[in-house]
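Shown next, in structure tokens, is the structure this report addresses.
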There are 2 protein chains.
Amino acid sequence: MPEQTAPTKERILAAAGEIFGAKGFKDATIRTIALAAKVNVAAINYHFRDKEGLYGAVLEEVFHIGFTRFPATMDLEESSSSEQRLRAFIRAMFHRLLSREGWGGIAGRGRLIARELLAPSPAFEAVLDRYIKPHKDLLVTIISDIMGTNTNPGPEKLMPCAISIIGQCIYYAMASPVIKIIYAGNAPTEENLDRLTEFVWLFSLGGIAKIKDATL
Amino acid sequence: MPEQTAPTKERILAAAGEIFGAKGFKDATIRTIALAAKVNVAAINYHFRDKEGLYGAVLEEVFHIGFTRFPATMDLEESSSSEQRLRAFIRAMFHRLLSREGWGGIAGRGRLIARELLAPSPAFEAVLDRYIKPHKDLLVTIISDIMGTNTNPGPEKLMPCAISIIGQCIYYAMASPVIKIIYAGNAPTEENLDRLTEFVWLFSLGGIAKIKDATL
DNA sequence: AGGAGAATAAAACATTTGTTTGAAACTGGC
DNA sequence: GCCAGTTTCAAACAAATGTTTTATTCTCCT
């Protein structure tokens, strides 16, 4: 099957990603997706069995593309410090969430992830094991390195730090409709990507330092 | 209308809050809500005009109860420091999001807020002006005080700090289904409320201090 | 060229779901 | 006790939507 005008299966996948991301699983109708993909409704069931099958395929594709195109070690030298590795981690996260080439920007596929966090679908479990858990382990390692190997902090410090860092990134992307209203000046968009990275990075470094010395 | 066995209008409101929170606007059906409230389906249209009207009423009630029962100055002395005011702010936020008496806990109404941030409904605008914007202004004031009046930081430092702090709280509540899986030890629940508060508070104090001295 | 299998299209089907209708039951005042 | 207004209920309606069916077209191999 040599692709010429973009094979229908991929057209469906692309349109579905956009529409599922924008409207959620239930609000997205297969007729809307079929229309956007310029495809007959029956083609969706033919290629993906049913609506859930299509959703699962979209989810897998979204994570695969996001994590392969923007790995957490993006643009990183071999000899980088742990602080720099944290910045790269955050930057990759924002790229996946906000850039057009990543998960398709706020209005696009990026919001699929936020929706899944809020109410995981059956298809999410596989994605969790394959992509999210290893990603989280990497972040924990970075934080541990920043705190210092001699400190040897336990998970009761590392995990909340990881959650706080990821939380900031996800929240920026997820709440962007509201942030745009409240703080028009610096909305979380592709253009402000580097500024957001820099801020969350510094804020998190400060947080990590404070937690390192705290007794909890 | 002296209430004896809880008037139907309130029964509907209570059931709707629970079900809208758990399943979202589209997934929640009038029939499910009517069943849970032990009410005829037509009663919903009679009392609230239509499904959207019911949703708007729920949203207004949720925010009203949350912000009146857990004000951001909860348990605060008159002479409290700005750091302590930040802790109270965060604690109130977690109470609203996680406690049973607040927005109804994770499984309950609390998730309505996360859903609204992700995809604001028409009814959200009123709530934004009435509750969220003033709340944000308060947080910005607190952060400004923490940085020090002589510093006199501009919104380009204050607003991102506010977003990062709120983001952590919202993310903990919103992503709790996934956090529970990844980090079973310390899931964001009502029992861990104080521990979460303490952590986010310290982390944020560290972040604010770092941002204060940064040039951006 | 021909035919088997894959892909696409149009229409119909079965459910679900928000809403309306018209009648019955209830409430408070005279 | 009766009546106007309010509230509740069962049933029906109309629109939307995921899926299936059946027929047609396309593709590639021999």
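Each chain gets a letter, A, B and so on, in the order the sequences are listed, and its residues count up from 1.
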Are any of the side-chain heavy atoms of His47(A) and Leu13(A) separated by less than 4.5 Å? no
Test item: Arg130(B) and Phe63(B) side chains (from C-beta on) under 4.5 Å apart, heavy atoms: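 SC-SC contact between Arg130(B) and Phe63(B) ruled out.
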To the closest 0.5 Å, what do you measure between OG (Ser144(B)) and CD1 (Ile208(B))? 10.5 Å
For nucleotides 25-27 of chain D, print each protein N/O atom paired with a nucleotide N/O atom at under 3.5 Å, atom names and distance only.
none

Is any side-chain nitrogen or oxygen of His47(A) closer than 4.0 Å to OP1 or OP2 of dT8(C)?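 Checking dT8(C) against His47(A), a side-chain N or O does come within under 4.0 Å of OP1 or OP2.
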Ignoring backbone atoms, test whether Thr8(A) places a side-chain nitrogen or oxygen under 4.0 Å from the OP1 or OP2 oxygen of dT8(C). yes
May I ask you to decide if the ring planes of [X] and [Y] are parallel, tilted or perpendicular, using 30° and 60° as cut-offs?
{"X": "Phe203(B)", "Y": "Phe203(A)", "value": "tilted"}
{"X": "Tyr172(A)", "Y": "Phe94(A)", "value": "perpendicular"}
{"X": "Phe20(B)", "Y": "Phe25(B)", "value": "parallel"}

Angle between the end axes of the helix from dA1(C)-dT30(D) to dC30(C)-dG1(D), five pairs per end, to the nearest 10 degrees?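 Roughly 10° between the end axes, to the nearest 10°.
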Check whether any side-chain N or O of [X] sits under 3.5 Å from a backbone N or O of [Y] as a donor-acceptor pair, and report yes or no.
{"X": "Lys136(B)", "Y": "Ala162(B)", "answer": "no"}
{"X": "Arg96(B)", "Y": "Phe70(B)", "answer": "yes"}
{"X": "Thr68(B)", "Y": "Ile65(B)", "answer": "yes"}
{"X": "Arg115(B)", "Y": "Ala22(B)", "answer": "yes"}

Just by protein heavy atoms under 4.0 Å, how would nucleotides 9-22 of chain C read 5' to 3' in B, S and -? BB-B----BBBBB-
Taking atom [atom2] of [N] as reference, at what distance in whole Å does atom [atom1] of [X] sit?
{"X": "Ile44(A)", "N": "dG18(D)", "atom1": "CD1", "atom2": "C1'", "result": "10 Å"}
{"X": "Leu35(A)", "N": "dT17(D)", "atom1": "CG", "atom2": "C1'", "result": "15 Å"}
{"X": "Tyr46(A)", "N": "dG5(C)", "atom1": "OH", "atom2": "C1'", "result": "8 Å"}
{"X": "Phe48(A)", "N": "dA7(C)", "atom1": "CZ", "atom2": "P", "result": "12 Å"}

Atom CD of Glu156(B) with >12 non-hydrogen neighbours under 6.0 angstrom: yes
